[in-house]
Asker: 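Starting off with a structure, shown below.
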Amino acid sequence: MAISHLLSPLPSLTFFQTRTLTGRSSSLPLNPNLQFPRPRLSRERAATLVLRSKGDDSVDASDRIISAVCYFYPFFDGIQYGKFIITQYQPFQILIQPLFPAIKAFKSFPFNGFLIFLTLYFVVVRNPNFSRYVRFNTMQAIVLDVLLIFPDLLERSFNPRDGFGLDVVMSLDSTVFLFLLVSLIYGFSACLFGQIPRLPIVADAADRQVL
């Protein structure tokens, strides 16, 4: 009898019992067509997930190279922040030495940085003919370069010659330089492998600018 009871069909779940505050039970109908709203992803987050889901082979070699080269722009523009650490530590001199000709050419004309900024923003970022992968990485490099305004303003307004103030400026410059160097290595290598480098502070701002 127990086995036949287990094999008997289950009752239809058209009602479920709930107990009210008075202690009485009441039956509420279940709506089989009830649908819950699905969570929505932001446009930027959805595009990032699509890029990640396609894998490494989905990014063309030309897109990888263009994206990787863009990360040299903020590094060249902020190379002056490494004046203390480069002169004091020889390994940094050896690491940067192959880039000296390119840095010299970049610094040869005072408006090169601004011209490159305009070119990258209007020719690449705002150009739908480029893939979103290229436009995102380009915009991320631009945002990183724009952030260099803050240490520059701080240096201009607070320029000590010696003492504790000079130590603070040296520490600030060295920190900015190391951040630029790590961003260059990380962004360049990630793009060569077809990955999406997301730099702290600047990645979300770049997402909002890329349509």
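Quick caveat, the model's predicted, so the values are computed rather than measured.
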Asker: Quick one: which residue pairs count as a side-chain hydrogen bond (donor to acceptor under 3.5 Å, both in side chains) with a foot in residues 87-110, not counting sequence neighbours?
Answerer: Q80-K107

Asker: Please name the pair of heavy atoms, one in A68 and one in L192, separated by the smallest distance, quoted to 0.1 Å.
Answerer: CB-CD2, 4.1 Å

Asker: When hydrophobic residues are tied together by side-chain contacts of less than 4.5 Å, even through go-betweens, does F100 share a cluster with F109?
Answerer: no

Asker: Okay, side chain of D60, backbone of S62: is any donor-acceptor separation there less than 3.5 Å?
Answerer: no

Asker: Would F117 end up clustered with F150 when hydrophobic side chains under 4.5 Å apart are linked, directly or stepwise?
Answerer: yes

Asker: Quick test of your reading: applying side-chain hydrogen bond (donor to acceptor under 3.5 Å, both in side chains), list the pairs with at least one residue in residues 180-194, sequence neighbours left out, ordered by first then second residue.
Answerer: none

Asker: Does the side-chain contact (heavy atoms from CB on, under 4.5 Å) test come out yes or no for I79 and L99, once each step is laid out?
Answerer: CA-CA 11 Å; I79 190 65; L99 301 177; over 6 Å; no

Asker: So which atom in C191 and which in Y133 form the shortest heavy-atom distance, rounded to 0.1 Å?
Answerer: CA-OH, 3.2 Å

Asker: Closest approach of F136 and A203, non-hydrogen atoms and distance?
Answerer: CE1-O, 3.8 Å

Asker: When rounded to the nearest 0.5 angstrom, what distance separates CG in L118 from CZ in F111?
Answerer: 11.5 Å

Asker: Any side-chain heavy-atom pair from F179 and P200 closer than 4.5 angstrom?
Answerer: yes

Asker: Do you know the tightest heavy-atom contact between R135 and V124?
Answerer: CG-O, 3.2 Å

Asker: Give, for atom CD1 of I85 and atom CZ of F177, the distance between the pair rounded to the nearest 0.5 Å.
Answerer: 6.5 Å

Asker: Short question: side chain of N112, backbone of A105 - any donor-acceptor pair under 3.5 Å?
Answerer: yes

Asker: When rounded to the nearest 0.5 angstrom, what distance separates CG in D77 from CG in L180?
Answerer: 9.0 Å

Asker: Starting from the C-alpha separation in whole Å, work towards a yes-or-no answer on side-chain contact (heavy atoms from CB on, under 4.5 Å) for N137 and C70.
Answerer: CA-CA 7 Å; N137 284 286; C70 287; 5.7 Å; no

Asker: If you group Ile, Leu, Val, Met, Phe, Trp and Tyr by side-chain heavy-atom gaps below 4.5 Å, do F106 and V69 land in one group?
Answerer: no

Asker: Report yes or no: do V176 and I86 belong to one cluster of Ile/Leu/Val/Met/Phe/Trp/Tyr joined by side chain heavy-atom distances under 4.5 Å?
Answerer: yes

Asker: Kindly compute the distance separating CD1 (I65) from CZ (F188), expressed to the nearest 0.5 Å.
Answerer: 8.5 Å

Asker: Any link between I201 and L184 through a network of hydrophobic side chains (Ile, Leu, Val, Met, Phe, Trp, Tyr) touching at under 4.5 Å?
Answerer: yes

Asker: Can you confirm whether more than 12 heavy atoms, excluding those of F122, are under 6.0 Å from its CZ atom?
Answerer: no

Asker: Considering only distance and modelled atom types, tabulate donor-acceptor pairs under 3.5 Å from the side chains of residues 139-149, sequence neighbours left out.
Answerer:
residue, atom, partner, partner atom, Å
Q140, OE1, L199, N, 2.8
Q140, NE2, Y71, OH, 2.7
Q140, NE2, P197, O, 2.8
D145, OD2, Y73, OH, 2.9

Asker: Is the shortest distance from a Lys or Arg side-chain nitrogen in R132 or D207 to a carboxylate oxygen in the other one below 4.0 Å?
Answerer: yes

Asker: Roughly how far, to the nearest 0.5 Å, is the OH atom of Y121 from the CD atom of Q209?
Answerer: 5.0 Å

Asker: I'd like to know if D204 and R208 make a salt bridge, using a cut-off of under 4.0 Å between side-chain N and carboxylate O.
Answerer: no

Asker: Would you indicate whether the side-chain heavy atoms of F72 and I116 approach each other to under 4.5 Å?
Answerer: no

Asker: For the CZ atom of F84 and the CG atom of L172, what is their distance to the nearest 0.5 Å?
Answerer: 10.0 Å

